[in-house]
S.K.: 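I have a structure I would like to understand better, so I am pasting it below and will then ask my questions one at a time.
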There are 4 protein chains.
Amino acid sequence: MVAAARAPRQNSRRAVLDAAARLFAERGYHGTSIRDIAAAAGITPAAIYSHFASKAGLLVAVYEEGVGRIAAALDAALEKAPGPARLQAACAAHLETLLEGGDYAQVVLRVWPRDVPEATAQLRRLRDGYEARFRRLVPDKHLRLLLLGAMNAAPGWYRPGGESPREIARLFLDRVGVHD
Amino acid sequence: MVAAARAPRQNSRRAVLDAAARLFAERGYHGTSIRDIAAAAGITPAAIYSHFASKAGLLVAVYEEGVGRIAAALDAALEKAPGPARLQAACAAHLETLLEGGDYAQVVLRVWPRDVPEATAQLRRLRDGYEARFRRLVPDKHLRLLLLGAMNAAPGWYRPGGESPREIARLFLDRVGVHD
Amino acid sequence: MVAAARAPRQNSRRAVLDAAARLFAERGYHGTSIRDIAAAAGITPAAIYSHFASKAGLLVAVYEEGVGRIAAALDAALEKAPGPARLQAACAAHLETLLEGGDYAQVVLRVWPRDVPEATAQLRRLRDGYEARFRRLVPDKHLRLLLLGAMNAAPGWYRPGGESPREIARLFLDRVGVHD
Amino acid sequence: MVAAARAPRQNSRRAVLDAAARLFAERGYHGTSIRDIAAAAGITPAAIYSHFASKAGLLVAVYEEGVGRIAAALDAALEKAPGPARLQAACAAHLETLLEGGDYAQVVLRVWPRDVPEATAQLRRLRDGYEARFRRLVPDKHLRLLLLGAMNAAPGWYRPGGESPREIARLFLDRVGVHD
DNA sequence: AATGAATGAGCCTTCATTCAT
DNA sequence: GATGAATGAAGGCTCATTCAT
């Protein structure tokens, strides 16, 4: 019962993933080294390769989870909100995930598929998957591009303490003529 | 008049700037090496340092020119357009510069100030300079963020042959209740 | 009779040896990794260490079997061939083993003892063991070096479909004045 | 006249080449690291890449010089020796280059083209070039293979102090019925 | 203004091997 | 016997930058 000696050597895959998500979000893909990630996860650089085939593969895994989280937040929001408030709920959920939902989601925005040639195709597919959800929600192409573009730029100017993600969603939708 | 003979390789500074703009726009700052730029400009890596103090300094120079071009396009457009069509003209000019105006402008969008810590302050100042113009043009903060965010995301989905930059501007403004 | 059910993956030691022999023959010792061998044998890298103490130890085992096979082929040939045809039979057997006898024999030629410092002594001893047989067969030192050197270089130029190993042996011996 | 301060930083390309030849001959290609070569040449690993594009490219350069030296020795010998003694002179020259002529020649024998997949074609072409000389000298294919195979195996058993290369050549040729 | 060579730090990745389970 | 995860060392190579010429 006392043991546990050698520390929680367990689930270091999760530790790696978390560290990678945080650092990729903070410094970008090329600004983050495998050594950085290993140090942040408390393991050896070589150990990362027990879990992921390459740095690009690690990015794909982070991306997958990021897209999954955004999609899940969106789905959960839509389930709760009835007809007319749907868009409002969706945008609020999207912005909340982006701005407060942690590193995974931000990596999806910060790292462009074309930044990592050897993974471009996979990353693009993952991104498309989450944009497809919005396509069903906002069939008007240019309204959709307007909203998505503006929301995805938010991490660039958002400051905690000002308007909340939910308020920003409302303010944006207000400008495009959608009121609650 | 006799001279000029040996095609004096003049203005290699310009060649470096152009090459850097193109590559930074294509592959990002960290995805582009000094060697890449030198090769594209037809000179030696070391020669770049005759013109620029560092890679970050080279980026700042590209940024400066990029911001300058966007601002010039904007100013030219505003000069021609009278009162009510002002915003329309400004957005069209902005999108035209971004989507068809070449690499310098795109670098300003693709490379984030925080990507290059040692130049963050300067890059931020340059960006702000061009955003300030918009601030005067669109005093409503969230309308401005909506438009700027959406326009700056356009290089990600724009395909030549579809709607022209000018049309996109009109479609966007239409959605936010500004009609010609 | 009921047992044996799950295709017991028996003799994975043999699978490892075979894989190692094939890969060492193909790519050399340093060109082959423990991972390569494990993958080719259908087991885990770690499992190799259940059977062999180290990569060098595995090489020694392959070498042992390689030398054993060459020696066995030689002995069998000598047993059948009476006096004057002895040398002919021996060289034919040697070349047959080298060129068609599989990977084990080729490893003995391809991997030099000095390639693997920590096993040099053992490998040298094993090689000497099979060269000693030839020493008794061809007491003339330089004739022996001539024949052995030439035969052992054969894998470098031999192409199946041309002269057979047996014919090559005859052609070589013909050149040194030994005729049937 | 006193200066020279920072040491002979000159012709470090030659130093790299010499170091590589020595180490490749001693330990083989895969047994030698770029760091080893750099240390032996008295420079930084990175500096090697000012002169050679890759480790394989460095090997090709060594090979080229090795083949060149063997060929030169052969040509020089043939020029001096009249008709009947031609073969004798050629073999003596070949063995002298191999056994005493230094590292470059030995690399050609020690490192097999197929050891380095990314350079196999080039290495093969270089080898062929020097074997072609012998083909003209000894048109009988199997006699040629006998002699070349035996001579090229000599570095494996040669010990300075015993028979000289020239004597070995005579002893070999004696066995194949060529006497002076 | 430009060069070729060099540097030192750092890159991603693979190596043979170990060990608790 | 076998595994998955981990290690520490080492692998080849690229980086931005400097400097004598």
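Note that these values count all heavy atoms, side chains included, but never hydrogens, waters or copies made by symmetry.
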S.K.: Of C:Ala56 and A:Asp36, whose closest DNA chain E nucleotide lies nearer the 5' terminus?
M.R.: A:Asp36

S.K.: With heavy-atom distances below 4.5 Å as the criterion, would you say the side chains of B:Val108 and B:Leu126 are in contact?
M.R.: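 The answer is no; the side chains never approach within 4.5 Å.
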
S.K.: Please give, in whole Å, the distance from F:dT14 C1' to B:Ile37 CD1?
M.R.: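 After rounding, the gap between these two atoms is 15 Å.
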
S.K.: Please answer whether the main-chain N or O of C:Ala56 pairs with a side-chain N or O of C:Tyr29 as donor and acceptor at a distance below 3.5 Å.
M.R.: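 Judged by distance alone, yes, a pair lies under 3.5 Å.
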
S.K.: Taking only side-chain nitrogens and oxygens of A:Ser12, does any of them come within less than 4.0 Å of OP1 or OP2 of F:dA6?
M.R.: yes

S.K.: Between A:Ser33 and E:dG10, is there a contact of a side-chain N or O with OP1 or OP2 at under 4.0 Å?
M.R.: no

S.K.: Tell me if the side-chain of A:Arg35 makes a donor-acceptor pair with the base of E:dG10, cut-off 3.5 Å, by modelled atom types.
M.R.: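 It does not, because no donor-acceptor pair links the side chain of A:Arg35 to the base of E:dG10 below 3.5 Å.
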
S.K.: Using whole Å, what does the distance between atom C1' of nucleotide F:dG1 and atom NE2 of C:His51 come to?
M.R.: 6 Å

S.K.: Check the distance between E:dT14's P and D:His30's NE2 and give it to me in whole angstrom.
M.R.: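 Answer to the nearest Å: 15 Å.
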
S.K.: At their closest point, which heavy atom of D:Pro113 faces which heavy atom of D:Thr120, and how far apart are they?
M.R.: O-OG1, 3.0 Å

S.K.: Could you check B:Tyr49 against D:Pro45 and say which one's nearest nucleotide on DNA chain F is further toward the 5' end?
M.R.: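 Looking at the nearest nucleotide for each, D:Pro45 comes out on the 5' side.
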
S.K.: Checking contacts here: which listed nucleotide (E:dT7, F:dT7, E:dA2) is nearest the side-chain heavy atoms of A:Ala47?
M.R.: F:dT7

S.K.: Write down the distance between CD1 (B:Ile34) and C1' (F:dA16), rounded to a whole number of angstrom.
M.R.: 7 Å

S.K.: How does DNA chain F look in dot-bracket form if you count Watson-Crick and G-U pairs under 3.5 Å, write [ ] for pairs that cross, and put | where a base pairs with another strand?
M.R.: .||||||||||||||||||||

S.K.: Please determine whether a side-chain nitrogen of the Lys or Arg among D:Asp103 and D:Arg69 lies less than 4.0 Å from a carboxylate oxygen of the Asp or Glu.
M.R.: no

S.K.: Round to the nearest Å and state the distance from B:Phe52 atom CZ to F:dA16 atom P.
M.R.: 15 Å

S.K.: Between A:Thr44 and C:Ala46, which has a closest nucleotide on DNA chain F that is more 5'?
M.R.: C:Ala46

S.K.: Between atom CG in D:Leu59 and atom P in F:dG12, what is the gap in whole Å?
M.R.: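 About 13 Å, once rounded to whole Å.
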
S.K.: Distance check needed: E:dC12 P versus A:Lys55 NZ, whole Å only.
M.R.: 4 Å

S.K.: Quick one: which residue pairs count as a side-chain hydrogen bond (donor to acceptor under 3.5 Å, both in side chains) with a foot in residues 41-61 of chain D, not counting sequence neighbours?
M.R.: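 Those involving residues 41-61 of chain D are D:Ser12-D:His51.
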
S.K.: Start at the 5' end of DNA chain E and walk down; is the nucleotide closest to B:Ser50 or to C:Thr32 reached first?
M.R.: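 Nearer the 5' end of the strand: B:Ser50.
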
S.K.: Salt bridge check, A:Asp18 against A:Arg14: does any charged N sit closer than 4.0 Å to a carboxylate O?
M.R.: yes

S.K.: Could you tell me which residues satisfy side-chain contact (heavy atoms from CB on, under 4.5 Å) with C:Ala41, sequence neighbours excluded, listed by chain and number?
M.R.: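 C:Ala41 satisfies side-chain contact (heavy atoms from CB on, under 4.5 Å) with C:Ala15, C:Val16, C:Ala19, C:Ile43 once adjacent residues are dropped.
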
S.K.: Let me know the distance between CZ of D:Arg13 and P of E:dA6, rounded to the nearest Å.
M.R.: 11 Å

